[in-house]
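Start at 1 and go down the list; that is how both ligands and their atoms are numbered.
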Amino acid sequence: MTKLHDQGLLKNSSYWHGEWHRSNTHFNITNPASGEVIAKVADASAADAEQAVAAAHAAFADWAARPAAERSQLLMRWQQLLLDHQDDLGLLLTLEQGKPLAEAKGEIAYGASYLQWFAEEAKRVYGDTIPAKAANQRIMVLKQPVGVVAAITPWNFPNAMIARKAAAALAAGCTFVVKPAQLTPLSALALAELAHRAGIPAGVFNVIAGTDAAAIGEVLTQDARVAKFSFTGSTNIGKQLAKQCAGTVKRVSLELGGNAPFIVFADADLDAAVDGLMASKFRNAGQTCVCTNRVLVQQSVIAAFTEKLQQAISKLKIGDGTRDNVDIGPLISEDACAKVDKLLQAALKQGAKLHCGGKRQSADSLFYLPTLLSDITAEMDITQQEIFGPVVALQSFSEEAEAIARANATEFGLAAYFYSRDIGRIWRVAEGLQYGMVGINEGLISNPAAPFGGVKQSGYGREGSKYGLADYLDTKYLCLGGLDR
Ligand code: ADP
């Protein structure tokens, strides 16, 4: 922490109504690479969450009424501050979350790119005029902000998951309260500090950092002043929170778990497929909801593909993310390591073959070695559950139709990837995959211009693009009558 150039970015309490609020109790933030406590943060309560909602509610009318150009300018200032402080924000993120510094700085740029995108989109919230039925009527459609937005976000992208929700909400004219994951609140609080410096008015952006997720979550999902709730996290918690929102009929967006297939057809450029898989699997040590979970390789090329892949994996450098040239940091927690290990051991028992990795770097560390498994079958838990770790699980297939059917054989539908150079196949497979996002000859597909989101039990709603803004807008129909000439 002493390495931060701007110590003002290290905040240790929640922020609402433009102010920092102390608390009597605190919780520890630990560095997963070392186990060291790096900060203590004031533990906000459900009552604090209510105050934050009240602040967002009080600020809404003024914020919504400002010209879009003014909201846009403030968002632009905020994104510029993120970029100005990219090194510090990246370091803070690596220290609390573990991902390598280059990736952490990349996340800051990625978060900032949403602020920029939605600052631009804020000025393009168009309504409609519709030909009316009667000669003395006119029909118009207005787009208006939904109101106060509450969000709950996960630890794997402590900056970007907040930035991309807040950017769209604020651009639309909504005010915003977020509860970040308790493992990674420092990035969220730094975002609040920069919102403050950017001149975002009091009550427009609020952060509640606390350990009682259930109690804070009850306020955010049940308070009638909250018009929309946006969640990124696990499927089970998402389902529960969606139920809680039903009582006040909130608009809900859910970005939940995935089980991404990565299909390599025999006609693919195998080197490009290996590169794409490495990027999609090992980013953030495999801890993203769009990370490849199942790799399906056509029988005739699986031997060649496995060899190339193993070579690429052997070059990965594992270590503390603040050190130079590290590719893989620690997993987030003991539970995360134990879950990855359990899936791996079960697969081995059921006949999977281990090519490399397969264990932690040392017994008491959270570093899990990059792992390659083959001979995976559809019945194994490792095929059906989200691995969320640096483990590649290879299975083979013979026919295109079989690959599509197996890729779709999951309740999830977030991201899918495939590699092929046959244009007919590309269309058939792209249309056949039941997923919200499909990477075709690409392993990294997120960007602010594109709609991010899932189908099936991966959730609903979109983030990024014009669709992401629409999620924060109400459609109001005006019928103007009595226009007799
Ligand atoms: P993960 O397994 O990725 O940690 P979670 O769904 O448990 O996913 O966590 C995502 C976010 O949801 C975090 O901010 C966490 O604190 C929050 N959360 C967990 N349980 C609850 C709950 N019962 N009510 C509200 N929020 C919760």
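Closest to atom 4 (O) of ligand 1 among all protein heavy atoms lies W155 NE1, 3.0 Å. Among protein heavy atoms, the minimum distance from atom 17 (C) of ligand 1 is reached at I152 CG2, 3.6 Å. Taking atom 18 (N) of ligand 1 as the reference point, the nearest protein heavy-atom neighbour is A213 CB, 3.7 Å. Closest protein heavy atom to atom 6 (O) of ligand 1: S234 OG, 2.6 Å. The shortest contact between atom 23 (N) of ligand 1 and any protein heavy atom is with Q240 NE2, 3.6 Å. Of the protein's non-hydrogen atoms, the one nearest atom 22 (C) of ligand 1 is A214 CA, 3.9 Å. The protein atom (non-hydrogen) at minimum distance from atom 21 (C) of ligand 1 is I237 CG2, 3.6 Å. In terms of protein heavy-atom proximity, atom 16 (O) of ligand 1 is nearest to K179 NZ, 2.8 Å.
Salt-bridge check for R462 with E255: failed, with every basic side-chain N at 4.0 Å or more from each acidic carboxylate O. In this structure, D474 pairs ionically with R251, as a charged nitrogen and a carboxylate oxygen lie closer than 4.0 Å. With respect to the salt-bridge test (charged N to carboxylate O, under 4.0 angstrom), the residues K165 and E463 qualify.
A donor atom on one side chain and an acceptor atom on the other are found under 3.5 Å apart for H355 and S374. For the residue pair Q287 / K99, no side-chain donor-acceptor distance below 3.5 Å is found, with atom types taken as modelled. Between N28 and K40, the side chains place a donor N or O and an acceptor N or O closer than 3.5 Å (distance only, hydrogens not considered).
By the definition of a contact as any protein heavy atom under 4.0 Å away, atom 8 (O) of ligand 1 is in contact.
Interface atoms of ligand 1 facing L241, defined by a heavy-atom separation under 4.0 Å, are 24 (N), 25 (C). Atoms of ligand 1 found under 4.0 Å from any heavy atom of F231 (numbered from 1 in listed order, with element): 6 (O), 11 (C), 12 (O).
Exactly one residue among V290, I263, I440, L277 makes a side-chain contact (heavy atoms from CB on, under 4.5 Å) with Y417. That residue is V290.
Relative to the ring axis of F452, R164 places its NZ or CZ within 45° and under 6.0 Å from the centre. Annotation: cation-pi pair K228/Y472 present, NZ/CZ under 6.0 Å from the ring centroid and within 45° of its normal.
Between T232 and ligand 1, no N or O atom pair is found at a separation short of 3.5 Å. On a distance-only criterion, T153 and ligand 1 share at least one N/O pair closer than 3.5 Å.
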